[in-house]
Amino acid sequence: MPTSYSETITHKIPALLNSELRASHAGETGAVWIYRGALTAEFIKALFKRKNNKTAADKGISAFALHHLETEKQHLHIFENDMPSFRGSFILLLWIAAGFLTGFIPRLIGKDWFYYTIYCVEYFVDEHYEHQISTIQQHGGAPKKVLTLMRSMQGDEQDHRDEAHANMQHSPSFLMKCWGELVGKGSAAAVSIAKRI
Ligand SMILES: [Fe+2]
Ligand SMILES: [Fe+2]
């Protein structure tokens, strides 16, 4: 009779579920670092502003980033503690760097750039979860709680997407749209790479 320990280490989750969990864990890691990147840019910008010159919009964007950061940390915690064990991505450092720059660069440029980036990222993440949930359902063999937790995180991402859109002051410029395309295509490439490595 195997011990519970050997059962744990020999029990393998289906390969598809393993790669889907790895991709979403990499994504949630990147998401945490998007907001850390944005808050770093916020801090740098504040250094160059006169004291007490923080506008209500500046305070709003910090509160937005801090609030979203907390939710993304909870998502990461779910993948690391409440999901079946999976192999994490070997290139997690790359996803951290990519996430950081995805928050840092647009926040340095401007508020709408940042909000539009979050809108594009979360638009992608919502579709990613939708596709992932239906793939896992079709394939079968996943514990029910995996799908329940993914649905709940998908709901948070939809809120993030809508909040970011509602905070935009102007329609996106042509350059912002090009950046948004890059963010969407980059996110899709990251998911397919993270599924493998
Ligand atoms: Fe998330
Ligand atoms: Fe999110």
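- Under the 4.5 Å side-chain heavy-atom criterion for Ile, Leu, Val, Met, Phe, Trp and Tyr, Leu182 and Tyr119 are members of the same hydrophobic cluster.
- Under a 4.5 Å side-chain heavy-atom criterion applied to ILVMFWY residues, the cluster that includes Phe90 comprises that residue alone.
- Once rounded to the nearest 0.5 Å, the distance linking CZ of Phe79 with CD of Gln74 reads 13.5 Å.
- Remark: Phe124 pairs with no residue by the ring-ring contact (aromatic ring centres under 6.0 Å, His included) rule, at least two apart or across chains.
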(message) Would Glu157 and Glu28 count as a side chain to side chain contact (heavy atoms under 4.5 Å, CB included) here? Give the steps.
(response) CA-CA 11 Å; Glu157 315 298 11; Glu28 295 295 354; 3.0 Å; yes
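- For the atom pair OG of Ser152 and NZ of Lys145, the computed distance is 13.0 Å after rounding to the nearest 0.5 Å.
- Linking Ile, Leu, Val, Met, Phe, Trp and Tyr whenever their side-chain heavy atoms come within less than 4.5 Å puts Leu39 and Ile109 in one cluster.
- The OH atom of Tyr35 sits 5.5 Å away from atom NE2 of His160, with the distance rounded to the nearest 0.5 Å.
- In this structure, SG on Cys120 lies 9.5 Å from NE2 on His165, to the nearest 0.5 angstrom.
- At least one donor-acceptor pair closer than 3.5 Å links the side chain of Ser19 to the backbone N or O of Leu16.
- Placement of Phe43 and Trp33 within a single hydrophobic cluster is found when ILVMFWY residues are connected by side-chain heavy-atom separations under 4.5 Å, directly or transitively.
- Shortest non-hydrogen contact noted between Thr102 and Thr117 is O-CG2, 3.5 Å.
- To the nearest 0.5 Å, atoms CE (Met153) and OG1 (Thr71) are separated by 12.0 Å.
- Using a 4.5 Å heavy-atom threshold, the side chains of Ile34 and Ile118 count as touching.
- When hydrophobic clusters are built by joining Ile, Leu, Val, Met, Phe, Trp and Tyr residues whose side-chain heavy atoms come closer than 4.5 Å, directly or via intermediates, Ile96 is grouped together with Val183.
- By the criterion of side-chain heavy atoms lying less than 4.5 angstrom apart, applied directly or through intervening Ile, Leu, Val, Met, Phe, Trp or Tyr residues, Leu149 is grouped together with Val125 in one hydrophobic cluster.
- How far CG of Leu21 is from OG of Ser89: 13.0 Å, rounded to the nearest 0.5 Å.
- With sequence neighbours left out, the ring-ring contact (aromatic ring centres under 6.0 Å, His included) criterion links Phe64 to His68, Phe114, Tyr115.
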task = Apply side chain to side chain contact (heavy atoms under 4.5 Å, CB included) to Ile193 and Ile91, showing your working.
result = CA-CA 10 Å; Ile193 294 169; Ile91 49 171; 3.9 Å; yes
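- The side-chain heavy atoms of Met150 and Met83, taken from C-beta on, include a pair separated by under 4.5 Å.
- The two residues Pro84 and Leu17 have their closest heavy-atom pair at CG-CD2, 4.4 Å.
- No more than 12 heavy atoms of other residues, nucleotides or ligands sit less than 6.0 Å from atom OH of Tyr123.
- Between Thr135 and Glu20, the side chains place no donor N or O within less than 3.5 Å of an acceptor N or O (distance only, hydrogens not considered).
- When every heavy atom of Gln132 is checked against every heavy atom of Ser24, the shortest pair comes out as OE1-OG, 2.6 Å.
- A salt bridge is absent between Glu42 and Lys45: the closest approach of a Lys/Arg side-chain nitrogen to an acidic carboxylate oxygen does not fall below 4.0 angstrom.
- Annotation: ring-ring contact (aromatic ring centres under 6.0 Å, His included) contacts of Phe104 (sequence neighbours excluded): Phe100.
- The list of ring-ring contact (aromatic ring centres under 6.0 Å, His included) pairs with a residue in residues 137-156, not counting sequence neighbours, is empty.
- Scanning for salt bridge (charged side-chain N to carboxylate O under 4.0 Å, His left out) contacts around Arg151 gives Glu130, with sequence neighbours left out.
- Checked by atom type, the side-chain pair Glu72/His75 shows a donor-acceptor distance below 3.5 Å.
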* To do: Show your reasoning for whether side chain to side chain contact (heavy atoms under 4.5 Å, CB included) applies to Trp113 and Tyr116.
  => CA-CA 5 Å; Trp113 272 80; Tyr116 184 64; 6.0 Å; no
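- Contact annotation: the side chain of Met176 never approaches that of His170 to less than 4.5 Å [non-hydrogen atoms, C-beta and beyond].
- Without hydrogens or angle criteria, Gln154 side chain to Asp126 main chain gives a donor-acceptor distance under 3.5 Å.
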Using the rule given for side chain to side chain contact (heavy atoms under 4.5 Å, CB included), can you reason through Leu175 versus Trp179, listing the C-alpha separation, both sets of side-chain angles and the distance that settles it, and then say yes or no? CA-CA 6 Å; Leu175 260 185; Trp179 166 254; over 6 Å; no
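- Within the 3.5 Å criterion, the main-chain N or O of Lys195 finds a donor-acceptor partner in the side chain of Arg22.
- Side-chain atoms of Asn18 come within 3.5 Å of backbone N or O of Arg87 as a donor-acceptor pair.
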